[in-house]
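Reading through the structure tokens given below for one structure.
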Amino acid sequence: MSFDHFEYKGVRFARGLHTEESIKQAENEFEVFDDDIYIVTYPKSGTNWMIEILNLIKEKGDFAKTNALPIYIRSPWYETVGSQEFIDKLEPPRIIASHLPHHVFAKSYFKSKAKIIYTMRNPRDVIVSLFHFASVLKIFTPTENFQNFIEDFIQGKALFGSWFDHVKGWMQMKDDERFFFITYEELIQDLRGGVIRICKFLGQELDDAQIDSVVEHSTFKSMKDNPMSNWTQLPSDVMDQSKGTFMRKGISGDWKNHFTVAQSEYFDKIYQEKMKDFNMSFFWEQSS
Ligand code: PPS
């Protein structure tokens, strides 16, 4: 997984999206408000899905209101260079995205009442999604060597560092009342149920018709067909849409079409080793 990068506190960041200054600023100076809601994820874990869901919940399912802006402006990643301009225009409660690991997250968050929704995904599917995205997003040097890609991912050489550290870092907060976690796979299995749980966490009361609208507009098909949500408005020097689409497959288990048996066994072994002291089990551990 090759991209022009720098390291900060053991984590790889991409030049072109980040600078040392933007990351230090995000960590030390960014001002978190008590009513903010943060969508935190390791890349390719369902960030945009959650952006769509949360903005629709905020507007009680009113699609015309949420769909006025492209998704990456509706809820910018606050660590990205240039994002402050868009964050300054957000109406409260601000819904802000971030891929930052726990140990680099805004210090002011930890003194605030702001909420975090952390979404996780089967790391095998994260690898596959990222592998395809690496040929589309211009900051990456495309590669066809899937084995090397897996190896880089395992060694934490991916954008935003190690998946294992990210998940373990953030899940230290699992019992904090400001923190809610959910998996991509749970949303695939029962989107409506997920939306209802998220509303409860946020203290948002939506009626059945409003929930139906949130679900209708956040399905994979709706988002894939929606130019405000499918990233097709990005210029070709940022994303080469001829090489693939941001809204690619939107399923769980696509890793089975990419990993060989040997790669799958190898990854399982590493996974067991790295997660052995982690006292939680995930949906994908039963089904993979
Ligand atoms: S990023 O670049 O890190 O912000 O990407 P992220 O949004 O986290 O993840 C992109 C993957 O999520 C899929 N996606 C969805 N799946 C199901 N339903 C909905 N509504 C949805 N929206 C986005 C998207 O297709 C990417 O996964 P893959 O496996 O590549 O299709």
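Just follow the structure's listing: the first ligand is 1, and inside any ligand the first atom is 1. Residue indices begin at 1 and follow the sequence shown.
Atoms of ligand 1 found under 4.0 Å from any heavy atom of Thr219, numbered from 1 in the order shown, are 20 (N). Per-residue contacts place Met247 under 4.0 angstrom from the following atoms of ligand 1 (heavy atoms of the residue considered): 21 (C), 22 (N), 23 (C), 25 (O). Near Trp77, meaning under 4.0 Å from one of its heavy atoms, ligand 1 places the atoms 4 (O). Those atoms of ligand 1 that come under 4.0 Å of a heavy atom in Pro43, given as number and element, are 3 (O).
A heavy-atom separation below 4.0 Å is not found between Asp125 and ligand 1. Put simply, no part of Tyr42 is less than 4.0 Å from ligand 1, judged by heavy atoms. Not a single heavy atom of Glu52 sits less than 4.0 Å from an atom of ligand 1. Contact annotation: His99 has at least one heavy atom less than 4.0 Å from an atom of ligand 1.
A distance-only check finds no donor-acceptor pair linking the side chain of Arg121 to the backbone of Gly46 [under 3.5 Å].
Checked by distance only, ligand 1 and Phe133 stay at 3.5 Å or farther apart across all their nitrogen or oxygen atoms. Considering backbone and side-chain atoms alike, Ile251 places every N or O at 3.5 Å or more from each N or O of ligand 1.
Counted by atom type alone, His102 and Tyr109 present zero donor-acceptor pairs between their side chains at under 3.5 Å. Remark: the Trp284 side chain and the Asp125 side chain contain no N/O donor-acceptor pair separated by less than 3.5 Å. Side-chain contact of Tyr266 with Glu151: a donor-acceptor pair under 3.5 Å is present, judged by distance alone. A donor-acceptor pair shorter than 3.5 Å cannot be found between the side chains of Gln84 and Tyr78.
If you check each of Arg121, Lys249, Arg248 against atom 27 (O) of ligand 1, the one with the closest non-hydrogen atom is Arg121. Of the options Trp49, Phe160, Phe131, Tyr184, the smallest heavy-atom separation from atom 13 (C) of ligand 1 is shown by Tyr184. The closest non-hydrogen atom to atom 28 (P) of ligand 1, taken over Ser129, Gly244, Ser218, comes from Ser129.
The nearest heavy-atom contact from the protein to atom 7 (O) of ligand 1 is Asn48 ND2, 2.7 Å. What sits closest to atom 2 (O) of ligand 1 on the protein, heavy atoms only, is Lys44 NZ, 3.0 Å. For atom 8 (O) of ligand 1, the nearest protein heavy atom (residue, atom name, distance) is Thr47 OG1, 2.4 Å. The protein non-hydrogen atom at the shortest distance from atom 24 (C) of ligand 1 is Phe246 O, 3.9 Å.
Geometrically, Lys174 does not engage Phe181 in a cation-pi contact, judged by NZ or CZ lying under 6.0 Å from the ring centre and within 45° of the ring axis. Both tests pass for Arg124 against the ring of Tyr271: distance under 6.0 Å to the centre and angle within 45° of the axis.
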Listing, residues 193-207 side-chain donor-acceptor contacts under 3.5 Å, not counting sequence neighbours, or none:
unit_1, atom_1, unit_2, atom_2, d
Arg197, NH1, Glu186, OE2, 3.1
Gln204, OE1, Lys60, NZ, 3.2
Asp207, OD1, Ala209, N, 3.2
Asp207, OD1, Gln210, N, 2.8

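In plain terms, the two heavy atoms of Gly169 and Gln172 that are nearest each other are O-NE2, 3.0 Å. Nearest heavy atoms, Ser22 versus Glu79: OG-O, 3.2 Å.
Glu7 CD: more than 12 foreign heavy atoms inside a 6.0 Å radius.
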